[in-house]
2 protein chains.
Amino acid sequence: MRSPAELTQAFRQTGLKVTPQRQLLFRLLHGNTSHPSADVLFALASKEMPGISLRTVYQTLNDLASMGELHSIDFGTGSARFDPNVTDHQHAVCNECGTVHDVHVSRAPKMSGLEGFDIHDAHIVYRGVCADCAS
Amino acid sequence: MRSPAELTQAFRQTGLKVTPQRQLLFRLLHGNTSHPSADVLFALASKEMPGISLRTVYQTLNDLASMGELHSIDFGTGSARFDPNVTDHQHAVCNECGTVHDVHVSRAPKMSGLEGFDIHDAHIVYRGVCADCAS
DNA sequence: TTGCTAATTAGCAACTGTTGAGAATTAAGT
DNA sequence: ACTTAATTCTCAACAGTTGCTAATTAGCAA
Ligand SMILES: [Mn+2]
Ligand SMILES: [Mn+2]
Ligand SMILES: [Zn+2]
Ligand SMILES: [Zn+2]
């Protein structure tokens with residue numbers, strides 16, 4: 001995801017308005033590696049801007065996602081997680097605390113057993129126990 | 001997933017009863033490679049047994065899953081998909097028609113960027129367009 | 001075969017995460 | 001400042017799944 005300043009330009013160029021609510025979310029998301037849910041972002045945003053609506057949070061997240069600034073990922077944990085890091089990487093999910101960590105694989109694994117399937121994307125999810133929870 | 005006959009034994013040994021509803025679901029699931037949702041199974045079951053409850057379908061699926069006979073997989077398509085094939089394999093999901101295909105990878109891909117994470121499971125989801133939808 | 005009892009079923013309400021709709025507000029170009 | 005389309009907020013609706021409970025039933029034992 002680009003910086004709040006760059007996003008401001010991008011939004012205006014697309015005909016989208018830049019509101020205080022959106023600016024706040026730009027700030028909360030930029031460089032955020034915690035893969036927050038909409039709920040968590042709503043809680044964070046509410047601290048700085050009481051009265052902000054959860055609907056607005058969803059709306060902004062959806063806007064960012066459809067602009068390709070954000071990925072919405074469903075790990076099956078009940079709610080979608082949002083990732084401002086749209087560079088190629090994979091994830092490790094802790095079964096104990098639910099945290100999502102960024103990981104990398106050396107090379108995209110080749111698959112077999114399916115002819116003629118045009119792969120657009122491959123996503124690996126590792127599940128297990130993170131270092132913090134192991135102790 | 002084991003055969004309906006074997007599941008009958010396994011259920012009784014666990015103190016679970018084997019009802020006509022469950023036997024029907026055993027049959028519908030055994031060897032099924034379509035990764036059906038609860039809804040689809042409910043529709044199939046309803047043809048043979050009108051009046052069967054969606055609740056019962058969920059209950060049986062949950063029982064099978066907690067016995068390890070079935071995997072419940074969330075591909076983010078709105079509803080969980082159930083897979084009676086519990087051997088190690090991966091999946092390819094078509095963005096057009098939503099079908100889920102079984103695929104295999106030659107070797108489990110090593111991840112980097114995270115120390116001390118105890119990996120219990122790695123699941124790869126390939127997304128793209130299947131051969132049928134490409135034409 | 002019959003009876004007992006705990007498990008199961010069906011039906012429906014409740015729940016969670018997310019989206020739809022619409023009136024009031026506001027960004028931003030003129 | 002004025003205009004207007006976009007946005008916000010509120011609240012209802014939605015989908016998938018689970019909780020609850022009275023009525024039914026499987027499976028065991030007598
Ligand atoms: Mn990430
Ligand atoms: Mn499969
Ligand atoms: Zn952990
Ligand atoms: Zn397809």
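Only this structure's heavy atoms are used, side chains among them; waters, hydrogens and symmetry mates stay out. A, B, ... follow the sequence lines: proteins, then strands. Residue 1 opens every chain.
Separating the CG atom of B:L41 from the C1' atom of D:dG16 is a distance of 14 Å, rounded to the nearest angstrom. Atom CG in A:L25 sits roughly 12 Å away from atom C1' in D:dT8 (whole-Å rounding). Across the protein-nucleic acid pair, B:N62 atom CG and D:dG16 atom P stand 16 Å apart, rounded to whole Å.
A 3.5 Å limit on both hydrogen-bonding distances identifies D:dT3 as the Watson-Crick or G-U partner of C:dA28.
Between B:H89 and B:H104, the angle of the ring planes lies from 30° to 60°, which puts this pair in the tilted group.
For the 3.5 Å distance criterion, the side chains of B:N85 and B:H71 fail to qualify, holding no donor opposite an acceptor. Side-chain contact check for B:T56 and B:Q59: no donor-acceptor pair (N or O, by modelled atom type) lies under 3.5 Å. Judged by distance alone, the side chains of A:S37 and A:D39 never bring a donor and an acceptor atom under 3.5 Å apart.
Apart from B:I124 itself, the hydrophobic cluster it occupies contains A:V103, A:V105, A:M111, A:L114, A:F117, A:I119, A:I124, A:Y126, B:V103, B:V105, B:M111, B:L114, B:F117, B:I119, B:Y126, where clustering links Ile, Leu, Val, Met, Phe, Trp and Tyr at side-chain heavy-atom distances under 4.5 Å.
Summary of the strand contacts: A:D39 and A:R55 both lie near DNA chain C, and taking for each the nucleotide with the nearest heavy atom, the more 5' one is attributed to A:D39. Nearer to the 5' terminus of DNA chain D, by closest-nucleotide assignment, is the contact made by B:R81 (compared with the other of B:R12 and B:R81).
Along DNA chain C, read 5' to 3', the first and last nucleotides having any atom under 4.0 Å from a heavy atom of chain B are C:dA6 to C:dG11.
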Could you go over nucleotides 5-7 of chain D and give all protein N or O partners under 3.5 Å, atom names and distances?
unit_1	atom_1	unit_2	atom_2	d
D:dA5	N3	A:K17	NZ	3.1
D:dT7	OP1	A:K17	N	2.8
D:dT7	OP1	A:R22	NH1	2.5

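If you check every strand for non-hydrogen atoms under 4.0 Å, B:S79 touches sugar and phosphate atoms only.
Aromatic rings of B:H35 and B:H101 (six-membered ring for Trp) have centroids beyond the 6.0 Å cut-off, not under it. Taking the centre of each ring, B:Y58 and B:F42 stay at or above the 6.0 Å mark.
With hydrogens and angles disregarded, a donor-acceptor distance shorter than 3.5 Å links the side chain of A:R22 to the backbone of A:K17.
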